Asker: 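Sharing a structure below in structure tokens format, with a few things to ask.
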Protein chains: 2
Amino acid sequence: MGDDISSALGRATIDDVAREAGVSTATVSRALRNHAYVAESTRRKVLQAADRLLYVANSNAARLASGQTRTVGLLAPLLTSWYTSEVVAGVEEVFAHARYDLLIGTANPLAREKIFRGDARFQQRIDGVILVDVFCSEDGARQLATLDTPAIVLGERLKSVTSVSVDNARGARLAARHLIDLGHRRIGLVGGHAHLDVVHNVPTERAAGFAAALEAAGLRLPHQFVEDGDFSIEGGRRAMHALMSRTKPPTAVWLMSDEMCFGALQALRELKLVAGRDVSVIGFDDHPASNAFGLTTIRQPVRDIGRLGARLMLDQLEGFGTVMHHPIELNLVERITCGPPPG
Amino acid sequence: MGDDISSALGRATIDDVAREAGVSTATVSRALRNHAYVAESTRRKVLQAADRLLYVANSNAARLASGQTRTVGLLAPLLTSWYTSEVVAGVEEVFAHARYDLLIGTANPLAREKIFRGDARFQQRIDGVILVDVFCSEDGARQLATLDTPAIVLGERLKSVTSVSVDNARGARLAARHLIDLGHRRIGLVGGHAHLDVVHNVPTERAAGFAAALEAAGLRLPHQFVEDGDFSIEGGRRAMHALMSRTKPPTAVWLMSDEMCFGALQALRELKLVAGRDVSVIGFDDHPASNAFGLTTIRQPVRDIGRLGARLMLDQLEGFGTVMHHPIELNLVERITCGPPPG
DNA sequence: CTTCGCAATGCAAGCGCTTACACACTCTGG
DNA sequence: CCAGAGTGTGTAAGCGCTTGCATTGCGAAG
């Protein structure tokens, strides 16, 4: 029946264990939390007693007593994107092992203020905070650093706060060089978030890097070859249609995310154009569906970013960890949406 | 700056509020939690005092004292799939409003046992549990019902436990009829999870419904037209290659998930075949990328399933809610991967 | 003018842990 | 042989809430 199980279930308290093991509750607590100054024999007795009673510590009581929440907050502008959920998955993976909880919050640009000032609702329940893809800049970082909360920023290179990010300029250069090497001269660019009043420096860095790489090859990036794709599939589609409607459209386009590329490929199909032959398309991310699309792209190991971020947070929570930036590798994945310019 | 804020931050306790408002802590607690028997004037005083002190209740203390965890567990076989994360997003959306937390756990088929027996680690920390896509069957459901924990199952029609699901047989019929109406006679099917020792009834129901619909039209589903695509992109690709290598391959294929379709479309491209002209492909889900692929599919409102599940859980937690099944609508979305058979 | 009922509030006992402090040992070295 | 330095364990005071029960008013009924 398993009634024995259910009845014992979730009911054993630390006192029960203490009684069962014949020691005090304090000793049980220490033994279970691997404190020093517990005799090996005692520890074993306690562990066995706990096992016998199926004891699981009540985390609420533990947190209340210790003042530690064992929870870290994660803030991201939007949680539904592939990028974010992948980062979250990486973070969660590491935290699950460390028995930390993740409290997830959305941070639209306007809510950012609150975070830095320390949104009480959030702040009080967490031991630390991970910001993903929240534009924060050195000013914000400095503010963040003055808060007593451990913080780490994902997706941006910072000095005052531990951060993890790819080298966006390098990614842009990789994409540009690939297109240039294939012989393209008329090259377009699709970014996003340009309409936000807040400057988001990821697209900015990428755009700058891209323009610089073109320039280095003696090429220009005319503004009519630049579109905002909103980092969405539909936005990518619209952007590609716009670019293709130019009198002399680009022969190759870099879109700053694979999802925008999906929309762009749709647009090309609608225009009866073949990607990689009539127009070259290169992305950024290496989304799981990109392989199926045959999309050439700049791969970034998103989940790894999440994992690393979580580990850095753990280090910081334990008092290790110095403030520094951790760069993440980027590499070109060639598939079939890029080729030499037509004709 | 903002020191006034930071210093006040997270430090005000219920006693501080009580003092500030000139009432007892008990009254503060009751006022803040909208209990009956609190005079309107008192409630206002308390609310204002709380506001002034930026008071936020310490949830650990509240949970410890009340015995309620205000957390519900969510179990799913794998969390990385689009389907699951979409469901989770829906659930989270509702819970965030209700100020409930979500504790997420993975449940591979073997871990299932534990859930039903009540995995202590999980059980103790939650007020209820939502199972998504965990094959559970009426037996499991009955077991679940005997646990004192509120439970709801997503993705399966059950009698003993409140459940939410689409009508899989109907979805299969929709797909089959669409292909049949287009004139196809040689129709293939790609499912998944056939290799698991556990029978997962979602693919089973869909396969049965599909075979039945074909039969009703006087068609057969020969076993060489059936492949396992593992519900993954790569699996879909392999399955399509396998089907196309038959001496007389099918002219149309239903794959039980859009992600498998992405792989299938890739396979067709690799074979220089055009979807919708040479071979028709129809999916199931309506994944966000499906529109970009031009994929014809059976749409299920996944996020709504999550939302509804969460609301039903809330009802149950509050003592309302009777055990019943909630069916979810399904509909055909026509795009360009289906057409009449060639020739 | 009592008496009763009930709305409104306060008192105080926990909830199940953690941890400072006190205490009791067992070894050392002088 | 004793002081002092560790170890190992217990005692008990909270952590910040919730809630059963007791208490206080106050209006309505008798």
Side-chain angles (χ1 to χ4, degrees), chain A residues 8-47 49-50 53-71 99 101 120-121 123-127, chain B residues 8-47 49-50 53-71 99 101 120-121 123-127:
Chain A
L9 224 191
R11 303 302 149 231
T13 73
I14 199 173
D15 292 301
D16 298 330
V17 178
R19 210 170 306 120
E20 175 87 8
V23 297
S24 73
T25 65
T27 300
V28 173
S29 175
R30 284 189 283 250
L32 259 24
R33 288 149 33 82
N34 282 316
H35 269 218
Y37 298 146
V38 175
E40 203 37 50
S41 60
T42 310
R43 192 188 303 281
R44 256 201 310 280
K45 262 197 311 192
V46 170
L47 257 34
L53 299 179
L54 295 175
Y55 172 72
V56 183
N58 177 322
S59 58
N60 293 315
R63 289 168 187 190
L64 175 58
S66 70
Q68 302 207 138
T69 64
R70 250 193 133 61
T71 298
R99 306 205 143 281
D101 284 351
R121 232 145 294 276
Q123 182 102 336
Q124 181 163 144
R125 304 183 51 187
I126 60 174
D127 291 339
Chain B
L9 222 192
R11 304 300 150 233
T13 72
I14 199 173
D15 292 301
D16 299 329
V17 178
R19 210 170 306 121
E20 175 87 8
V23 297
S24 71
T25 65
T27 300
V28 173
S29 174
R30 284 188 281 249
L32 259 24
R33 289 151 28 85
N34 284 316
H35 269 219
Y37 299 147
V38 176
E40 224 2 85
S41 60
T42 309
R43 192 188 304 280
R44 256 201 309 280
K45 264 196 311 193
V46 170
L47 257 32
L53 300 178
L54 295 176
Y55 171 73
V56 184
N58 177 322
S59 57
N60 294 314
R63 288 169 188 190
L64 176 57
S66 69
Q68 302 207 138
T69 64
R70 253 194 131 62
T71 297
R99 305 205 144 278
D101 285 350
R121 230 147 295 276
Q123 181 102 336
Q124 180 164 142
R125 304 183 51 186
I126 60 173
D127 290 340

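First the proteins, then the strands, lettered A, B, ... as listed; each starts at 1. Owing to the predicted nature of the structure, the values given are computational and were not obtained by experimental measurement.
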Asker: How many whole angstroms separate atom CG of A:Asp16 from atom C1' of C:dG16?
Answerer: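 Roughly 10 Å, once rounded to whole Å.
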Asker: Please write out each protein N/O paired with an N/O of nucleotides 22-24 of chain C under 3.5 Å, distance rounded to 0.1 Å.
Answerer:
none

Asker: Find the distance A:Leu64:CG to D:dA13:C1' and express it as a whole number of Å.
Answerer: 13 Å
Asker: Mind calculating the distance between OH (A:Tyr55) and C1' (C:dG16) to the nearest angstrom?
Answerer: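 Value for this atom pair: 7 Å.
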Asker: Where do A:Ile14 and A:Tyr55 come nearest, in terms of heavy atoms and distance?
Answerer: N-CE1, 3.5 Å
Asker: Kindly write out the residues that satisfy side chain to side chain contact (heavy atoms under 4.5 Å, CB included) with A:Thr71, not counting sequence neighbours, or none if the list is empty.
Answerer: A:Arg63, A:Thr69, A:Asp101, A:Leu103, A:Ile126
Asker: Quantify the bending of the helix from C:dC1-D:dG30 to C:dG30-D:dC1 as the angle between its end axes, each fitted on five pairs, to 10°.
Answerer: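 About 50° separates the two local helix axes.
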Asker: Which residues satisfy the salt bridge (charged side-chain N to carboxylate O under 4.0 Å, His left out) test with B:Arg19, sequence neighbours excluded?
Answerer: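 So B:Arg19 forms a salt bridge (charged side-chain N to carboxylate O under 4.0 Å, His left out) with B:Asp16.
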Asker: On a heavy-atom basis, which atom in A:Val17 and which in A:Ala50 lie closest, and how many Å separate them?
Answerer: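 Between these two residues, the closest heavy atoms are CG1-N, 4.0 Å.
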Asker: List for me each residue that meets salt bridge (charged side-chain N to carboxylate O under 4.0 Å, His left out) alongside A:Arg70, sequence neighbours excluded, and say none if there are none.
Answerer: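 With sequence neighbours excluded, A:Arg70 shows a salt bridge (charged side-chain N to carboxylate O under 4.0 Å, His left out) to no residue whatsoever.
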Asker: Taking atom P of C:dT18 as reference, at what distance in whole Å does atom CD of A:Gln68 sit?
Answerer: 10 Å
Asker: Could you state the CD1-P distance from A:Ile14 to C:dT18, rounded to the nearest angstrom?
Answerer: 5 Å
Asker: How close do A:Ala18 and A:Thr25 get, counting heavy atoms only, and between which atoms?
Answerer: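 Taking every non-hydrogen atom into account, CB-N, 3.8 Å.
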Asker: Could you work out, with side chain to side chain contact (heavy atoms under 4.5 Å, CB included) as the rule, every residue matching B:Ala65, not counting sequence neighbours?
Answerer: none
Asker: How would you list all residue pairs meeting salt bridge (Lys or Arg N to Asp or Glu O under 4.0 Å) that involve residues 20-37 of chain A, not counting sequence neighbours?
Answerer: A:Glu20-A:Arg52
Asker: Heavy atom of residues 18-27 of chain B under 4.0 Å from DNA chain D: which residues?
Answerer: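 DNA chain D contact set from residues 18-27 of chain B: B:Ala26.
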Asker: Could I get a table of every N or O pair under 3.5 Å where one atom is in the protein and the other is in nucleotides 25-28 of chain C?
Answerer:
none

Asker: What residues, two or more places apart in sequence or in another chain, satisfy side chain to side chain donor-acceptor pair (under 3.5 Å) together with B:Ser24?
Answerer: B:Thr27
Asker: Rounded to the nearest 0.5 Å, how far does NZ of A:Lys45 lie from CG of A:Leu47?
Answerer: 12.5 Å
Asker: Closer than 3.5 angstrom, by distance alone: can the side chain of B:Ser66 be matched with the main-chain N or O of B:Ala62 as a donor-acceptor pair?
Answerer: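 Yes, because the side chain of B:Ser66 sits within donor-acceptor range (under 3.5 Å) of the backbone of B:Ala62.
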Asker: What residues from residues 31-45 of chain B pass a heavy-atom cutoff of under 4.0 Å to DNA chain D?
Answerer: B:Arg33
Asker: When you look at B:Val28 and B:Val23, which way does the side-chain contact (heavy atoms from CB on, under 4.5 Å) test go after all the steps?
Answerer: CA-CA 7 Å; B:Val28 173; B:Val23 297; 3.7 Å; yes
Asker: Just the rounded figure in Å: distance from P of C:dT18 to CZ of A:Arg30.
Answerer: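 For the pair A:Arg30 CZ and C:dT18 P, the rounded distance is 11 Å.
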Asker: So, taking the atom named CG in B:Leu64 and the one named OG in A:Ser59, what distance separates them when rounded to the nearest 0.5 Å?
Answerer: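 So the gap between those two atoms works out to 10.0 Å.
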Asker: Rounding to a whole Å, what distance do you find between A:Asn58:CG and C:dG14:C1'?
Answerer: 14 Å
Asker: Within the 4.0 Å heavy-atom criterion, would you say B:Thr13 contacts the bases, only the backbone, or no part of the nucleic acid?
Answerer: sugar-phosphate
Asker: Provide, to the nearest angstrom, the distance between the CZ atom belonging to B:Arg63 and the P atom belonging to D:dT19.
Answerer: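 These atoms are roughly 14 Å apart.
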Asker: Could you tell me which residues satisfy side chain to side chain donor-acceptor pair (under 3.5 Å) with A:Arg44, sequence neighbours excluded, listed by chain and number?
Answerer: none
